[in-house]
Amino acid sequence: MTYDFRKIEEKWQQFWAENQTFKADNDSQKEKFYVLDMFPYPSGAGLHVGHPLGYIASDIYARYKRHKGFNVLHPMGYDSFGLPAEQYAIQTGQHPAITTETNINRYREQLDKIGFSFDWSREVRTSDPNYYKWTQWIFIQLFNSWYNKDADRAEDISRLIAIFEKEGNQSVNAVCDEDVALFSAADWQAFTAKQQQEVLLQYRLTYLAETEVNWCPALGTVLANDEIVNGVSERGGHPVIRKKMTQWSMRISAYAQRLLDDLAMVDWPQPLKDSQTNWIGRSEGAEVTFRVLPLAPPQGGGTTSDLNRDSSSPKFHTADSDIYGVLLERAKDMRKNPTKAEAKLWEALRNRNLDSKFRIQHPISRYIVDFVCLEKELIVEVDGEIHQYQLNEDAERQLLLEQKKGYTVIRFTNDEVLNDIDEVVYKIETALNSPSLGGGRGEVNSQAQEISVFTTRPDTIFGVSFMTLAPEHELVSKITTSGQKEEVEAYIAATAKRSERDRMADVKTITGAFTGAYAEHPFSKEPIPIWIGDYVLAGYGTGAVMSVPCGDQRDYDFAKHFNIPIPNIFEGVDISELAFADKEKTVIANSDFLNGLPYKEAVKRVISELEQLGQGKGKINYRLRDAVFSRQRYWGEPFPVYYVDGMPQMISAEHLPIILPEVEKYLPTETGEPPLGNATIWAWDVGKSAVVSNQLIDDVTVFPLELNTMPGWAGSSYYFNRYMDPHNEKEIFSKEAMDYWQDVDLYIGGSEHATGHLLYSRFWQKFLFDKGVVPKPEFAKKLINQGMITGTSAFVYRVDFEASWSLNKKIKEPSLTKPMYVSYDCFKEIDDLYKFILSSEISAQDKNIFANGNGFTKGLASVIEDTVFYNLLDGGKKDTLKIFMRLFEYVQNDIRTQNVGAIVHGLKFSPIHVKVQYVNASDELDIEELKRDSEFGEEYKDAIFIGEKGEVLPFGEDLGGAFKVSREVEKMSKSKYNVVSPDAICEEYGADSLRLYEMFLGPLEQSKPWNTAGITGTHGFLKKLWRLYHSGREGQFKVDNSPLEGGEGGVAEPLKESLKTLHRTIKKVEEDIENFSFNTSVSTFMIAVNELSAQKCTSRAILEPLAVLVSPYAPHIAEELWSKLGHTTSIANAPFPKFEGKYLVESSKEYPISFNGKVRFKVELPADLSKEEIEAAVMAHDKTQEQLQGRTPKKVIVVPGKIVNIVG
RNA sequence: GCUCGAGUGGUGGAAUUGGUAGACACGUUGGACUUAAAAUCCAAUGGACAUUAGUCCGUGCGGGUUCAAGUCCCGCCUCGAGUACCA
């Protein structure tokens, strides 16, 4: 009997299906074990051998746990909403539901062939209304919840309303929008219903908000951050831009801290935890408020910040007192000698009937201004030519007067005054009447602006030399001075135009603009210039930073670029080249009360000082943003939402599911609405509680429904819970089912879901936990990332040539009549020759004759015997040269006979992918099969293949050499022709061989290349295993039924050796499975079968447990052997063999004897010898004496059971 | 740049707390069986020298600890994954 795997596998797959062998019971006395695989998206391409890797591992574990007596839940289903089906629908008009169904059927067929022990009775599909009913239900729960920070959990929105009614929102400590206004209970009562809804939306865990989103015009949808790779969409690689849209968002940020903390609860791979930690991005620091110095600050009423002014002195004493005398003398001087223009303007100002009084050459602060109206705080300057070279000083002076002193400065040139005095006076009048002007001293002109920044280094606050706002920051337009307006606006426009991708592409270009405004340092009260720059991100923190160039490299670079001072506030640190960012080594200097403090203490101190000032507090910031939940897509879950007066309303749960409507087109509507805008029956009738025609919308009883759909992660964020009770129509799952199954014990899947699916799922789980729906705050205890299986691509080398041909004739580029390909060996030798030319010690000129940099060999025809270059070649290279010459001549002849007037100069060999299925284990290409290929056969049909030794097959010289390909490990992909389908493997070697081989390849977590050749190893093992049970005449099944003890009736008991083999195997396999080291247990099986075969073991006492051991890995053959052993029920629940150490006890040990750590020989010694006895026995040994050659060892180290080392 | 992971024969990979490096398999070479091929079986297979015993070198590189290091420590190099102006 041969091992007929096709028949066996089909038989048992059918058996399992018919008997529902793997159906998990919700009502069992057994202990539960939940093994889960990540939800597949059923793509049209089907599975390749990389996909089932994780499924095989989890299946082995699930089957093992069944043998160990657990009630195992091992379900499978489909994440069947998604982009590809919709893209396909847009292209072909085919309904996504149909393509999805087809793809699922193909997936199922492929999965079934591999023999997985899934409980298919629990299959779910996210696109099934019976499933997404509960996705909608969870959405409603989120909408009806808010996050109470005091309780640190989600609570029902009704509780919040109750608080509002009683006391307003002052005492509410919730995670909510940034800009929530304070209101009292009375205010709340006075709000209209709509206003109340608006307020509540600011608190709900899912809310509508205008958000800046990643809009992908080509896909017509919004993408999540993790759906964008390198600035383009993950699927399709289309450009992505920033756009503001009203979107549903999920307040995942409320859970940031818990998502971080609870990572400690789960046994997940550290890299995955790290990447979630980074994604959440917690940083501790402080929020600091900087006052913006007003453009025209109040100067009276004692609120002035000008500390130098003597309040008792007259109002026109505006100069700084220390230099008042000097300035006044100078001013008097200047009044006597006015310029022409000054005199003319002074006359005009006095003669015209202006309401305001002007002074000429008046000292203010440390300057003398030309004209000033003190009431209106307007300074008029007339610039002579002399000012041209002192523009900078003027600007500085103007800034001081404007920012610190609150004056408005207007300037005229001499020419303006002399030529058009009327126009000048008109401008002055206009300026006097402008409302932005002080309008009289003591009056507050506008409310003070503040900038809040988040910093992780509040200790460096005295190193602030400027502030930087994101260009999108809302304050920018409010604080920019008229002088800087143009520059700032130009900069903002330029930044907005730059796509995210451009911004990322050149992070090195430093750009920014000065707003003209100044902020006040909270401690030193010094003015700090406010800049904008796109290195500050609008979306992080407050969108503004206090820039400390000495302590932050980005600030440093910015300061250097714009010539902003870089004050050093670190003790003993050189900052002339680089910023200093090492917290540990920080000692603060030049910082008032912080001097001499290290980082940690300085932070504490500064925060407490800021708190006293009311200008800051300690704060924890998270990088994690709220997740946008709307997609402008058809093929997704519809929201259970309709709109009344623009406010979203939930449809009550009893009317769910709201079924995805039919549409004619899957594209956005002409008005740019999502595809659901094409639906004609898509309105909600509150009276009938039904979806009705859009034409009935009257906004009284019939309202429009939401047009967005939910994103891909909606349905996959709770499916693991639904599997526990997948057909429940009344609840998302019953309490009993949940109480029994609790959570996932083992989850296997790819690491690519680290910051998407796995974070969102944890978020929903925590929410459902808060609501008491699930019993555990984390859904998966243990998680394993399986590695990727990469492909091994195969290449042939196409012969290309370089030629020159007449351009006069209208001839297309010449090509060979028949394409030519050379085998890898042949290519390699020619390539070596080519490289030899390039590296030879011949002149550059000579090199250029023989070869050029583009890989073309040329001019080799001139290499004839006894030339200098020829003599450089060794024998092998001379042979290669001959082969090359023949090729070259052939190509030359071929082109010449085409009579196109082209001359061939050189040859090149280009690697071309060929389908790996035509390549055997020895890397030989099956040319005949390749020529028959349905897709590419034509291309190769007439091609010439030149083999290993340069034999030219079509020239009639078959030297019997093979045609080899070169191989390279690449990602498995259709375009690289290296995809291997599991179907083909199952067909040729069987599912059991595939399962074993996938495990045998290497550690589960590691990525490793697939090479079909190796599968003969595991296939051969299965054949050997089969033969072990079929050692009878002509391969008949033969198992010796003797009981373990006794050996009655003349049949021998199992050999001691066989028992040792068996129990060693039990021990190893058990340990391996528990450690998820599946590759090593396959080796163990091989060793066991090799040994048992050598022992000619036929004993049932050995072979029966062996079948159970193998069963998780190779279930089909195990079932067949099990039934041949006389069992009528499946092997699936047979108990796992029990390991007994007594069979492994050895009576002797072969000790390696090493000298100075090097093993020289081995000595067989009884296992129970003491250290001393071992030493004595070893020292007495002939070989020991031979090694020592009379020397006395310094030391003898004996490790019983391990090794003996003799030193000396 | 930062974070994490990994470097062992021609290849995939073993080596459990420091204790015989290269298990197991692929590939390669030779042999048996066969008219032949496939399949199967047997033998050899890290490198170098010696081909009889044997000797030396070998786990990315350079140091160190130890009787003993692939494994531990220090410093580098290379590759891979994630992330990216995160204040």
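A note on names: the letters A, B, ... follow the listed sequences, proteins ahead of strands, and every chain is numbered from 1. Hydrogens, waters and symmetry mates are skipped; everything else that's a heavy atom, side chains included, is used.
Neither OP1 nor OP2 of B:A53 sits under 4.0 Å from any side-chain N or O of A:R1160. Contact annotation: A:Q553 does not reach the phosphate of B:C85 (side-chain N/O to OP1 or OP2, under 4.0 Å). At the phosphate of B:G13, neither OP1 nor OP2 sits under 4.0 Å from any side-chain N or O atom of A:T1080. Close to B:G12, at under 4.0 Å from its OP1 or OP2, lies no side-chain N or O of A:K1008. Here A:N278 does not reach the OP1 or OP2 of B:C2: none of its side-chain N or O atoms lies under 4.0 Å away. Residue A:K1158 has no polar side-chain atom (N or O) positioned under 4.0 Å from OP1 or OP2 of B:A21. In terms of phosphate contacts, A:R554 brings a side-chain nitrogen or oxygen within less than 4.0 Å of OP1 or OP2 of B:C86.
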Test log, rule side chain to side chain contact (heavy atoms under 4.5 Å, CB included), inputs A:D555 and A:I566: CA-CA 9 Å; A:D555 295 343; A:I566 303 176; over 6 Å; no
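A:T1080 and A:S1077 share a donor-acceptor pair across their side chains, judged by distance under 3.5 Å alone. In this structure, a donor-acceptor pair under 3.5 Å is present between the side chains of A:T1012 and A:W1010.
The residue A:D555 sits apart from the nucleic acid: no heavy atom pair falls under 4.0 Å. Counting non-hydrogen atoms under 4.0 angstrom, A:R1027 reaches the backbone sugars and phosphates but no base.
Annotation: B:G58 and B:G47 have their P atoms spaced 16 Å apart (nearest Å).
For B:U40, the base has no donor-acceptor partner in the side chain of A:K1023 [N/O atoms by modelled type, under 3.5 angstrom].
Taking the charged nitrogens against the carboxylate oxygens, A:E1164 and A:K1162 have no contact shorter than 4.0 Å, which rules out a salt bridge.
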